[in-house]
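Below is one structure, written out as structure tokens, with a few remarks after it.
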Protein chains: 2
Amino acid sequence: MNKKQAQIESHHFPWDHPRFRSWIAVARACQLMQQTLTRRLTHLDVKPPHLDILVNLYRFDGITQQELARKLLVGRSNMSMLLPQLEKRGLIERRGDARDKRVLRLSLTSAGRTLTEEAMEIQTALIENSHGGEPIEDCVKVAESMERIIATLLKEDDLAAGG
Amino acid sequence: MNKKQAQIESHHFPWDHPRFRSWIAVARACQLMQQTLTRRLTHLDVKPPHLDILVNLYRFDGITQQELARKLLVGRSNMSMLLPQLEKRGLIERRGDARDKRVLRLSLTSAGRTLTEEAMEIQTALIENSHGGEPIEDCVKVAESMERIIATLLKEDDLAAGG
DNA sequence: ACAATTATGTTCATGGTTGAACATTAGAAA
DNA sequence: TTTCTAATGTTCAACCATGAACATAATTGT
């Protein structure tokens with residue numbers, strides 16, 4: 001009898017494992033949060049992917065497309081698709097770097113900064129709201145858990161990329 | 001001075017709020033987990049969306065496309081796109097219900113069940129692995145937090161749908 | 001200096017997801 | 001019954017995301 005059969009026959013389905021159930025809940029919460037945020041941002045004509053970009057430009061002015069992609073955990077090509085849209089809307093600027101002619105340095109325009117502040121308020125309100133009465137300390141503990149998981153997964157990523 | 005300006009000028013950026021930071025960590029962890037799972041499932045030619053479907057058919061045999069979509073928090077059209085693929089691969093079956101000629105009842109084939117078990121082992125292993133030394137009790141607390149958030153967001157969803 | 005390697009950004013084909021419009025069927029109301 | 005309403009599944013166009021292939025530029029090795 002192999003391991004799989006033992007699992008099945010003793011009713012140890014994945015969804016009986018506490019960690020599995022926990023993670024499914026995390027994933028579902030993320031999905032719902034994303035969908036709700038999408039709805040609340042419609043009137044600004046901004047979607048979560050755009051907001052992620054805008055917020056990072058708000059924090060890190062002059063960042064590079066590559067750096068931005070890394071922070072967002074997406075591919076470079078994704079930035080190449082989305083950034084021109086935001087540029088055409090006059091929300092961001094892309095200026096070539098004088099020293100390194102490969103890179104494009106990104107920054108928010110005045111309009112972009114205003115829009116970002118509006119959108120961030122919506123996002124913050126949604127998060128505060130949906131967390132209802134969760135004690136701050138609990139959130140901090142969740143954050144610590146997640147950071148550890150992120151670290152583990154990033155280590156795996158390095159292995160995959162390096163091997 | 002309005003609220004937004006007060007926030008900005010006193011350096012209360014969103015990323016300074018514990019709940020905001022916590023949620024960003026959750027979102028990033030989810031994203032990384034999804035990407036890692038995608039890589040680990042490639043050799044089975046299965047992607048997370050497919051696996052979600054398969055696991056739910058594994059648990060709930062004879063489920064309807066609509067019910068499945070609801071469980072997965074996706075639109076019906078999504079199921080209409082994905083299910084025929086799995087059917088063509090011989091992993092699932094769709095049989096019309098005799099009493100209600102609108103619905104299609106879904107079930108795994110033998111091959112589908114086998115593949116699902118393989119994939120679930122990979123997913124379970126990834127979750128256990130990435131959670132490293134997180135105590136089970138912490139995971140349970142995280143799950144409870146997430147369930148509360150899910151409940152809150154679902155209530156909002158109902159309001160949005162009902163209004 | 002020259003060649004090879006690495007890094008940045010773009011393009012393209014593919015695939016998942018959505019919402020709106022549609023057809024069919026069930027169920028409720030008249 | 002007949003009509004109206006609601007539910008189920010499909011199709012379609014649009015969008016985001018990805019990875020591979022490519023072009024350009026910087027860096028390293030010889």
Side-chain angles (χ1 to χ4, degrees), chain A residues 27-28 30-32 34-39 41-42 45-54 62-89 92-106 157 160-162, chain B residues 27-28 30-32 34-39 41-42 45-54 62-89 92-106 157 160-162:
Chain A
R28 284 174 60 89
C30 269
Q31 206 180 342
L32 264 173
Q34 191 92 339
Q35 290 173 0
T36 308
L37 181 60
T38 300
R39 275 203 309 275
L41 288 176
T42 43
D45 196 21
V46 168
K47 291 180 189 167
H50 305 134
L51 181 54
D52 283 343
I53 292 174
L54 293 173
I63 200 179
T64 284
Q65 289 193 193
Q66 174 75 290
E67 293 166 345
L68 181 57
R70 257 200 274 271
K71 279 182 188 301
L72 299 180
L73 300 173
V74 299
R76 280 169 298 166
S77 56
N78 193 0
M79 295 299 99
S80 283
M81 309 284 273
L82 297 184
L83 290 174
Q85 300 175 10
L86 299 176
E87 194 177 22
K88 283 189 195 97
R89 286 178 59 184
I92 70 171
E93 277 181 354
R94 301 202 287 176
R95 277 190 274 53
D97 188 311
R99 300 184 221 175
D100 189 336
K101 289 176 184 171
R102 292 171 302 180
V103 313
L104 292 176
R105 301 223 161 258
L106 308 170
D157 259 356
Chain B
R28 284 174 60 88
C30 269
Q31 205 181 343
L32 264 172
Q34 190 93 340
Q35 290 173 359
T36 309
L37 180 61
T38 300
R39 275 203 309 274
L41 288 175
T42 44
D45 196 19
V46 169
K47 290 180 188 167
H50 305 134
L51 180 54
D52 283 342
I53 293 174
L54 294 173
I63 200 178
T64 285
Q65 289 194 194
Q66 173 75 288
E67 294 166 345
L68 182 57
R70 258 200 273 271
K71 281 182 188 300
L72 300 180
L73 301 174
V74 299
R76 280 170 297 165
S77 55
N78 194 358
M79 296 298 98
S80 283
M81 308 286 273
L82 297 183
L83 290 173
Q85 300 175 11
L86 298 176
E87 194 177 23
K88 282 189 195 97
R89 286 177 60 183
I92 71 171
E93 276 181 355
R94 299 202 286 177
R95 274 188 275 58
D97 187 310
R99 298 182 224 174
D100 189 337
K101 288 177 184 170
R102 293 172 301 179
V103 314
L104 292 176
R105 302 224 159 258
L106 308 170
D157 260 356

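No experiment lies behind these values; they were computed from the predicted model shown. We name chains A, B, ... by the order of the sequence lines, and we start the count at 1 in each one.
- Here A:Gln35 does not reach the OP1 or OP2 of C:dT17: none of its side-chain N or O atoms lies under 4.0 Å away.
- The base of D:dG9 does not come close enough to the side chain of B:Ser80 for any donor and acceptor atom to sit less than 3.5 Å apart.
- In terms of phosphate contacts, B:Asn78 brings no side-chain nitrogen or oxygen within less than 4.0 Å of OP1 or OP2 of C:dG16.
- Counting non-hydrogen atoms under 4.0 angstrom, A:Arg94 reaches the backbone sugars and phosphates but no base.
- Between B:His50 and B:Leu41 there is no side-chain heavy-atom pair separated by less than 4.5 Å.
- The shortest side-chain heavy-atom distance between B:Val103 and B:Gln66 does not fall under the 4.5 Å cut-off.
- If A:Lys47 and A:Lys101 are placed on DNA chain D by their nearest nucleotide, the residue sitting closer to the 5' end is A:Lys47.
- With hydrogens and angles ignored, no donor-acceptor pair closer than 3.5 Å exists between the side chain of A:Arg102 and the base of D:dA26.
- Atom C1' of nucleotide C:dT17 and atom CG of A:Leu37 are separated by 16 Å, given to the nearest angstrom.
- The interatomic distance linking B:Leu73 (CG) with C:dG16 (C1') rounds to 16 Å, in whole Å.
- Side-chain proximity of B:Ser77 to C:dT17, C:dA20, D:dG9: nearest is C:dA20.
- Proximity of A:Arg39 to the phosphate of C:dG19: no side-chain N or O atom is located under 4.0 Å from OP1 or OP2.
- Listed pair A:Gln85 / D:dC16 meets the phosphate criterion, a side-chain N or O lying under 4.0 Å from OP1 or OP2.
- Of the listed nucleotides (C:dT10, D:dC16, D:dT10), D:dC16 has the atom at the smallest distance from the side chain of A:Pro49.
- Note on B:His50: a side-chain N or O is less than 4.0 Å away from OP1 or OP2 of C:dG16.
- Contact annotation: A:Gln65 reaches the phosphate of C:dT10 (side-chain N/O to OP1 or OP2, under 4.0 Å).
- In this structure, the CD atom of A:Gln66 is 15 Å from the P atom of C:dT6, given to the nearest Å.
- Across the protein-nucleic acid pair, B:Met81 atom CE and C:dG15 atom P stand 11 Å apart, rounded to whole Å.
- Among the candidates A:Arg99, A:Lys101, A:Arg95, the single residue satisfying the side-chain contact (heavy atoms from CB on, under 4.5 Å) test with A:Asp97 is A:Arg99.
- Where A:Arg99 and B:Asp100 meet DNA chain D, the nucleotide closest to each residue was compared, and B:Asp100 sits on the side nearer the 5' end.
- What separates CD of A:Gln34 from C1' of C:dG16 is a distance of 14 Å, to the nearest Å.
- Between A:Arg70 and C:dA7, a side-chain N or O to OP1/OP2 separation shorter than 4.0 Å is absent.
- The existence of a salt bridge linking A:Arg102 and A:Asp100 is confirmed by a sub-4.0 Å separation between a basic side-chain nitrogen and an acidic carboxylate oxygen.
- The residue A:Thr64 sits close only to the backbone: its heavy atoms come under 4.0 Å of sugar-phosphate atoms, none of a base.
- The separation between B:Leu104 atom CG and C:dT24 atom P is 15 Å, rounded to whole Å.
- If you measure from atom CD of A:Gln31 to atom P of C:dG16, you get 15 Å, rounded to the nearest angstrom.
- Looking at B:Glu93 and B:Leu106, their side chains never come closer than 4.5 Å, going by heavy atoms from C-beta outward.
- Atom CD1 in A:Ile63 sits about 15 Å away from atom C1' in C:dG9, given to the nearest Å.
- You'll find the side chain of B:Val74 reaches within 4.5 Å of the side chain of A:Gln31, heavy atoms only.
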